[in-house]
Asks: 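Mind looking over this structure? Questions follow.
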Number of protein chains: 4
Amino acid sequence: MKPKDDKKLASIERATYALVQESGLMPLTLAAIARAAGIATSTLYIYYPSKEALLDALYERAKSATFERLTRGAGTELAPKLRIRQIWLNMLNNRLDHPAEMVFQEQYVSSRFMSESNRELGKRFVREFDEVLEAGRRDHILKAVALPFLGACILGSVRETARLVAAGILPDDESTRTTGFQLCWDALKA
Amino acid sequence: MKPKDDKKLASIERATYALVQESGLMPLTLAAIARAAGIATSTLYIYYPSKEALLDALYERAKSATFERLTRGAGTELAPKLRIRQIWLNMLNNRLDHPAEMVFQEQYVSSRFMSESNRELGKRFVREFDEVLEAGRRDHILKAVALPFLGACILGSVRETARLVAAGILPDDESTRTTGFQLCWDALKA
Amino acid sequence: MKPKDDKKLASIERATYALVQESGLMPLTLAAIARAAGIATSTLYIYYPSKEALLDALYERAKSATFERLTRGAGTELAPKLRIRQIWLNMLNNRLDHPAEMVFQEQYVSSRFMSESNRELGKRFVREFDEVLEAGRRDHILKAVALPFLGACILGSVRETARLVAAGILPDDESTRTTGFQLCWDALKA
Amino acid sequence: MKPKDDKKLASIERATYALVQESGLMPLTLAAIARAAGIATSTLYIYYPSKEALLDALYERAKSATFERLTRGAGTELAPKLRIRQIWLNMLNNRLDHPAEMVFQEQYVSSRFMSESNRELGKRFVREFDEVLEAGRRDHILKAVALPFLGACILGSVRETARLVAAGILPDDESTRTTGFQLCWDALKA
DNA sequence: CATGAATGAGATTTCATTCAT
DNA sequence: AATGAATGAAATCTCATTCAT
């Protein structure tokens, strides 16, 4: 049961994300996915053995892609503030560029206890993230508080800023990014 | 003539919140709700004409209750910082005291276009909230940035802090509240 | 379980006939009957032990009332043609004056093998009717054909004439009755 | 790719007619139809989107088939009396050959306001029928009375004769047809 | 591979009937 | 007697999954 057609896989993926973003997981049916993907329902079973497997697989893919996007261009060669700023921007752009994928992930996590590998992946990002924060704290650039407080600030700031941009309340431009990060940084900095 | 039982309504409410918190909306069935509430499935139809109506009603109730809790004890008699602090605490406590209700709300919003009254209620809180921020900004206590940035900071901070407390990563005590709000305030203050 | 309130009985009767005339037996529910009769559903059980019993009882009453109306003023003192004419008119007026009751009867017979007493009552009318026809045939006033042919003519003529009057295609007046019966009589007469 | 099975459609049709003839519309369930048709209940939903749609579709089909049977072999090349006789026979045979279909139609009409196309079809037959009668009346072969009176005679005669044959009271033979039509003709003829 | 038909398990909904007041 | 609430059984309908082509 090795999938052959990558175009079909991609359209299944896109269809599912879009449907979940539109109306959530509650009314998500295989028939709807297949229809939106332009294939027959039974064809889904050539690519995935069950609905659960399909959603799990999409979730893993989304998580991996997200992880890759979040860490891009934020290597150790950058100064702490710049690194954090880069991650902040990555997180924001990720949310703005892939809203359906994000909604899918958030809806799905709360409805499934994560598979082991997913949990692992999540932890891996948190670990890398924490290392950055840890370094900044050690150098007295960031506040001397428990790491989770710092992480929470960043996540919260990104999430809400993204929500406002997506809702059209804030413009999707440089100034929003500058101001948004400025506030966040004031919360973090020592 | 037996009166429509308020205890039953409450247990339906509780059962639904709990089930959604446990596994989300996807596998939520009327049978499960009825079972958890200790009544027959058909009895649900005495209280609500359909599954959709039931969820809608619960959502409206949750939203109202939340609104009431958020604005409690944060009147205009307080100084801006204290008022904001009170709202911040209200928001945090609300999330920690009624996790199931919160999960239900968040899961449900994305799966339904909100009813007019809900939208109205949401706007009403935002308006009140914005007035507080507006006042603080006018007095040069808060940063001179667009209001949404300030609101976003508070919401984001509360949400993530609550998540960490609920997950057991941060303790549910005074120090968490003090530190959490401190970071938030540093982001906001002029 | 002796019914007390005749007004309630009557309103149950009326409600049921009306509902059946409006949309047939298929969607007829006790709740609908009770609502239309202005009482509670459970109150129906004070008057009838079950839905089936209720319908059976109404059917019997309708049949009796119909029987009484059909034979009224058509005694043996009349000449055969006048007697037949009277019965023809009775049948027509019965259909026009009690359409709901008629519809109920016709819908109901085909959905129930009749109870013994109902069958008996039906037969009683047919017997009396046949006697009239038999007499006319013996006197060479009616055609010398099997009685059912004669009965069929009368019934068919009445039923279709009534339908046309009810539909507004023919006027509900003396001329319709005269012409309608004239055709029928031409079919019957020797 | 399996084609939608015409045999299945036919057996659904047959099963429904038979069940309705047996006990009417009141206790007609999809489960019973499916059982009688030898398929799963859910399979019905492949062919019709709802119970109502199923019954509507069957009704339309029955009506069309009936129309076709009634007008067969009664073209304008026949003399008026023969044409009317042919239609009379068609009507009778139709009732005797397809009793279940007829019962279904009659039960169903009263429980549904007819769809536009059905109403149209009904009118089409009436129009054709009326033309025949009109012609006969113009030639002084039929009585000089309003057309509906003539139509009513024929319909009534057929309906009641068929009922008696179906009930075994009259034999299903040539003599019944001859006598039955004779009476009817005497009613119509000038 | 791909598909539309078919299905069984289960979800929602209805409803005659019973219960408690 | 009368009622509204409650319910179990059953009806309608849905949907993930399998089958046959």
Side-chain angles (χ1 to χ4, degrees), chain A residues 1-5 8 26-34 37-55, chain B residues 1-9 26-34 37-54, chain C residues 1-5 8 26-34 37-55, chain D residues 1-9 26-34 37-54:
Chain A
M1 192 163 322
K2 276 286 144 57
K4 284 282 168 59
D5 192 339
K8 247 168 211 134
M26 197 167 26
L28 182 71
T29 66
L30 291 183
I33 294 174
I39 59 176
T41 308
S42 41
T43 305
L44 290 173
Y45 283 83
I46 292 164
Y47 296 89
Y48 303 99
S50 73
K51 185 187 188 185
E52 196 183 339
L54 185 155
L55 294 180
Chain B
M1 172 176 41
K2 221 190 298 178
K4 243 187 222 181
D5 194 341
D6 272 349
K7 277 186 189 164
K8 236 161 225 144
L9 268 176
M26 199 168 22
L28 182 70
T29 68
L30 292 181
I33 293 175
I39 58 177
T41 307
S42 49
T43 304
L44 290 173
Y45 284 84
I46 293 169
Y47 295 89
Y48 305 99
S50 70
K51 185 187 187 182
E52 196 182 339
L54 185 156
Chain C
M1 190 163 321
K2 276 285 143 58
K4 284 283 167 59
D5 192 339
K8 248 171 209 132
M26 196 167 25
L28 183 70
T29 67
L30 290 184
I33 294 174
I39 59 176
T41 309
S42 41
T43 305
L44 290 173
Y45 283 83
I46 293 164
Y47 295 88
Y48 303 99
S50 74
K51 184 186 187 185
E52 196 182 340
L54 185 156
L55 294 180
Chain D
M1 172 177 43
K2 221 189 299 178
K4 243 187 222 182
D5 195 341
D6 273 349
K7 277 184 188 164
K8 233 158 230 150
L9 268 176
M26 199 167 22
L28 182 70
T29 68
L30 292 181
I33 294 175
I39 58 178
T41 307
S42 49
T43 304
L44 290 173
Y45 284 84
I46 293 169
Y47 294 90
Y48 305 99
S50 71
K51 185 187 187 182
E52 195 182 339
L54 185 155

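In what follows, chains carry the letters A, B, and so on, assigned in the order in which the sequence lines appear, proteins first and then strands, with residues in each chain numbered from 1.
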Asks: Just to verify, what does B/Tyr48 make a side chain to side chain contact (heavy atoms under 4.5 Å, CB included) with, not counting sequence neighbours?
Replies: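 Checked B/Tyr48 against side chain to side chain contact (heavy atoms under 4.5 Å, CB included); matches are B/Leu9, B/Ile12, B/Leu54, B/Ala57, B/Leu58.
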Asks: When the distance from OH of A/Tyr48 to P of F/dA16 is rounded to whole Å, what number comes out?
Replies: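 From A/Tyr48 OH to F/dA16 P: 16 Å.
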Asks: Give the B/S/- string for nucleotides 10-15 of chain E, one per nucleotide from 5' to 3', where a protein heavy atom under 4.0 Å of the base yields B, of only the sugar-phosphate yields S, and otherwise -.
Replies: -SSBBB
Asks: When you measure from the side-chain N and O atoms of C/Lys8 to the phosphate of F/dA1, is any distance below 4.0 Å, counting only OP1 and OP2?
Replies: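 Checking F/dA1 against C/Lys8, no side-chain N or O comes under 4.0 Å of OP1 or OP2.
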Asks: Which residue, D/Gly38 or A/Thr43, contacts DNA chain E at a nucleotide closer to its 5' end, judged by nearest heavy atom?
Replies: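 Result of the comparison: A/Thr43.
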Asks: Please identify each residue that fulfils salt bridge (charged side-chain N to carboxylate O under 4.0 Å, His left out) with D/Lys51, with sequence neighbours left out.
Replies: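 Residues passing salt bridge (charged side-chain N to carboxylate O under 4.0 Å, His left out) with D/Lys51: none at all.
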Asks: Just how far, in rounded Å, is C1' of E/dG4 from CD1 of A/Ile39?
Replies: 13 Å
Asks: Rounding to an integer number of Å, can you tell me how far A/Asp5 CG sits from E/dA2 C1'?
Replies: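 For the pair A/Asp5 CG and E/dA2 C1', the rounded distance is 11 Å.
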Asks: Using a 3.5 Å limit on both pairing distances, list the dot-bracket string of DNA chain E from the 5' end; Watson-Crick and G-U wobble pairs count, crossing pairs take [ ], interstrand pairs take |.
Replies: .||||||||||||||||||||
Asks: Using side chain to side chain contact (heavy atoms under 4.5 Å, CB included) as the criterion, list what pairs up with D/Ala34, not counting sequence neighbours.
Replies: D/Ile39, D/Thr41, D/Leu44
Asks: Quickly work out the D/Met26 CE to F/dA10 P distance and round it to whole Å.
Replies: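 Spelled out: CE on D/Met26 to P on F/dA10 is 17 Å.
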Asks: Any side-chain N or O of B/Tyr47 below 4.0 angstrom from OP1/OP2 of F/dA5?
Replies: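 No, B/Tyr47 has no side-chain N/O under 4.0 Å of OP1/OP2 on F/dA5.
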Asks: Within this structure, what is the CG-to-P distance between D/Leu44 and F/dC13, rounded to whole angstrom?
Replies: 10 Å
Asks: If I take atom CD1 in residue C/Ile46 and atom P in nucleotide F/dG4, what distance separates them, rounded to the nearest angstrom?
Replies: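 C/Ile46 atom CD1 is separated from F/dG4 atom P by 12 Å.
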Asks: Taking atom OH of D/Tyr47 and atom NZ of D/Lys8, what is their separation to the nearest 0.5 Å?
Replies: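 Going from OH on D/Tyr47 over to NZ on D/Lys8, the span is 5.0 Å.
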Asks: Closest approach to the side chain of A/Ala40, judged atom by atom: which nucleotide of F/dT3, E/dA6, E/dT3 is it?
Replies: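 It is E/dT3.
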Asks: Tell me, please, which residues at least two apart from D/Thr29 pass side chain to side chain contact (heavy atoms under 4.5 Å, CB included).
Replies: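 D/Thr29: side chain to side chain contact (heavy atoms under 4.5 Å, CB included) contacts with D/Ala31, D/Ala32.
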